[in-house]
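Read the structure below first, then the notes.
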Amino acid sequence: MPRGPRQLTITFGSPSLTHYGGAYLLHRFLSRLRLRKLLTQAARFAQRNNRYSVGEMLLALLYPMILGLERIETAQLLRQNGVFQYLTGLPSYPEASTLRRFLLRLTPRALPKVRALHDRLLHRMTTHPKPPFRLIFDVDSTVLVVYGQQEQARIGYNPIKRGRPSYHPLLCFEGQTKDFWHGELRPGDAHTASGTLALLAACWKKIPVGVRSVIVRADKGFFDHTLVEWLESRKTGFVIVARLTQPIKRKLAHLRYVTPSRGVEVAEFRYQPTRWPHPYRFVVIRRPQPEEPTAQLTLFKLGRYHYQVLVTNLALRPLNLWRFYNDRAGVELLIRQLKGDYALGSIPTRHFFANETYFHLLLLAYNLVNWFKRLCLPPAFQNATLQTLRHRILLIPAQLRRTENRPRLILPASGPGEAAWKYAIDRIHRLKV
């Protein structure tokens, strides 16, 4: 077996190497969107530090989120990486203290403008190459545990760290494209459904021309008559997990069940809960209790069965309705990815408005990656997580050389990754948005 070299000279300080060779692809895509110019125009405000434009400062916050540098201090690695700065068009990289001060000055005067720009980009991406005819809004909330003295971090429902202060964001994603549609950062003691109508009203304002139907999917935290009445007033389809009150539980054992698929029994009934305007269709899914229940089967148990009850105004058959609702599990995976890959839970400051700005920039970063996958990458990468994109495309070691006075980026031979690079460069070159 060959031995490694025993005498190897080691030197540091090569200005031509980078671990972030794939950032060039991302830069090309963001350039096609004219993102730096749009950010500078949208969030213009007076700055004491004129070394960086507003667009450059915002990009200096967005790139680390995508590349996996979770905290502002960790992003200082990019200050020492001249090739990364060259590939992304940044004159240099700001210090951590400069980025923190920028976050504090940016809010609250410029945050609404950044959010409005995000909405305009969402409209462009949603209608490209053609407007959709149906939208599916998946609404959910999550808990962000904090460690410190952050403003408006309060003690509320917290299954992860009981008794710890937290934030409780409310989020909405489009179920087909997985695009983030709207969201709000809330104090930790906010009820799950608090602010849902305002959130959906904001979503409705973004619906492009040509959409003929909208369906809302939500879990039992949103089982509320005011939400259902609001949706019906807008002729919107919905499927929501019912909260299993005693009147509903009493009905479960006396229904006539059929077996449309192995291991699944279904039934339905009409029922008018207290304060609801009229009776609604309730669909029941019953499955035998496994010998070793998994963590996902947190459903109501009665005898030998697990039950799940859905309230809906859709005309789907019970089994198809259940499968349609189960597609909503994708939003839980997206939130898990936001916490893990994008470090949604890494709250950067003690100030709520600065944390809110960081929250919305992170969701903009998520959408930018989602659009990059959809418009620029091969079909095999459409469902790839950000972690996969980093390993196979973004975090590729590269060397920058100059031959005949022209810059040349040298990458390792990477098999499928090499093919994806060539595919992406061609798609970005032909991209019209």
Side-chain angles (χ1 to χ4, degrees), residues 1-37 52 55-56 59-70 74-94 341-342 365 368-382 384-431 433:
M1 187 173 180
R3 294 178 296 179
R6 291 188 175 185
Q7 296 182 354
L8 184 67
T9 302
I10 300 174
T11 59
F12 293 88
S14 173
S16 64
L17 301 177
T18 184
H19 185 54
Y20 306 103
Y24 176 67
L25 278 184
L26 197 59
H27 163 70
R28 288 281 302 273
F29 172 65
L30 299 184
S31 297
R32 297 295 286 183
L33 297 182
R34 299 186 301 118
L35 184 63
R36 181 188 306 189
K37 181 178 180 180
Y52 305 97
E56 289 167 348
L59 285 175
L61 289 167
L62 290 170
Y63 274 117
M65 296 173 182
I66 298 172
L67 297 176
L69 303 173
E70 298 182 0
T74 313
Q76 294 308 292
L77 292 172
L78 303 179
R79 281 182 57 81
Q80 307 164 10
N81 198 316
V83 178
F84 165 81
Q85 297 164 20
Y86 177 81
L87 295 178
T88 55
L90 295 174
S92 60
Y93 196 84
D341 295 347
Y342 291 86
L368 290 172
V369 172
N370 207 36
W371 301 331
F372 174 66
K373 289 192 299 184
R374 192 161 71 232
L375 299 177
C376 305
L377 294 184
F381 286 85
Q382 295 304 304
T385 64
L386 178 58
Q387 196 72 9
T388 300
L389 289 183
R390 286 173 183 159
H391 289 324
R392 300 184 61 180
I393 293 181
L394 298 179
L395 302 186
I396 292 183
Q399 183 177 18
L400 183 67
R401 289 183 180 176
R402 281 191 172 273
T403 57
E404 298 179 357
N405 205 29
R406 296 186 61 181
R408 181 185 298 273
L409 189 66
I410 302 174
L411 304 171
S414 55
E418 181 179 345
W421 258 76
K422 295 176 179 177
Y423 181 94
I425 290 174
D426 180 64
R427 288 295 296 266
I428 293 171
H429 178 71
R430 295 189 287 113
L431 187 61
V433 291

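One-based numbering along the sequence shown.
- Nearest heavy-atom pair, Q85 versus Q80, reported as atom, atom and distance to 0.1 Å: NE2-N, 4.4 Å.
- Counting non-hydrogen atoms of neighbouring residues, nucleotides and ligands closer than 6.0 angstrom, the CZ atom of R402 exceeds 12 such neighbours.
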>> Pair L90, L78 - check side chain to side chain contact (heavy atoms under 4.5 Å, CB included), show working.
In response: CA-CA 11 Å; L90 295 174; L78 303 179; over 6 Å; no
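- Taking 4.5 Å as the limit, some side-chain heavy atom of L368 sits within range of a side-chain heavy atom of L33.
- Although no hydrogens or angles enter the test, the distance criterion places no donor-acceptor pair under 3.5 Å between the side chain of R427 and the main chain of L377.
- A side chain to side chain contact (heavy atoms under 4.5 Å, CB included) with D341 is found for exactly one of T385, L389, T388, namely T385.
- The distance from atom CD of Q76 to atom CG of N81, rounded to the nearest 0.5 Å, is 12.5 Å.
- Partners of S92 by side-chain hydrogen bond (donor to acceptor under 3.5 Å, both in side chains), not counting sequence neighbours, listed by chain and number: R51, Y52.
- The CG atom of L35 sits 9.5 Å away from the CG atom of L26 when rounded to the nearest 0.5 Å.
- Minimum interatomic distance between A384 and K373 (heavy atoms only, all atoms of both residues): O-NZ, 2.7 Å.
- Across V83 and S16, no two heavy atoms sit closer than the pair CG2-C, 3.5 Å.
- When side chains are defined from C-beta on, H19 counts as touching L395, because their heavy atoms get closer than 4.5 Å.
- Proximity of I66 to L386: side-chain heavy atoms (C-beta onward) are separated by under 4.5 Å at one or more points.
- Taking OH from Y86 and OG1 from T18, the interatomic distance works out to 13.5 Å, rounded to the nearest 0.5 Å.
- Of all heavy-atom pairs between L87 and Y24, the closest is O-CD1, 3.9 Å.
- Judged purely by atom type and a 3.5 angstrom limit, R401 has no side-chain atom pairing as donor or acceptor with the backbone of R408.
- Taking the centre of each ring, Y20 and Y63 stay at or above the 6.0 Å mark.
- Considering CD of Q382 and CZ of R374, their distance stands at 8.5 Å, rounded to 0.5 Å.
- Rounded to the nearest 0.5 angstrom, R36 CZ and L30 CG are separated by 9.5 Å.
- When side chains are defined from C-beta on, P412 counts as touching I396, because their heavy atoms get closer than 4.5 Å.
- Minimum interatomic distance between L411 and P397 (heavy atoms only, all atoms of both residues): CD2-O, 3.9 Å.
- By the side-chain hydrogen bond (donor to acceptor under 3.5 Å, both in side chains) test, K422 is found to be paired with E418, residues two or more places apart in sequence or in another chain being considered.
- Counting all heavy atoms, side chain and backbone alike, P64 lies closest to L59 at CD-O, 4.3 Å.
- Atom CZ of residue R32 and atom CZ of residue F372 lie 13.5 Å apart, to the nearest 0.5 angstrom.
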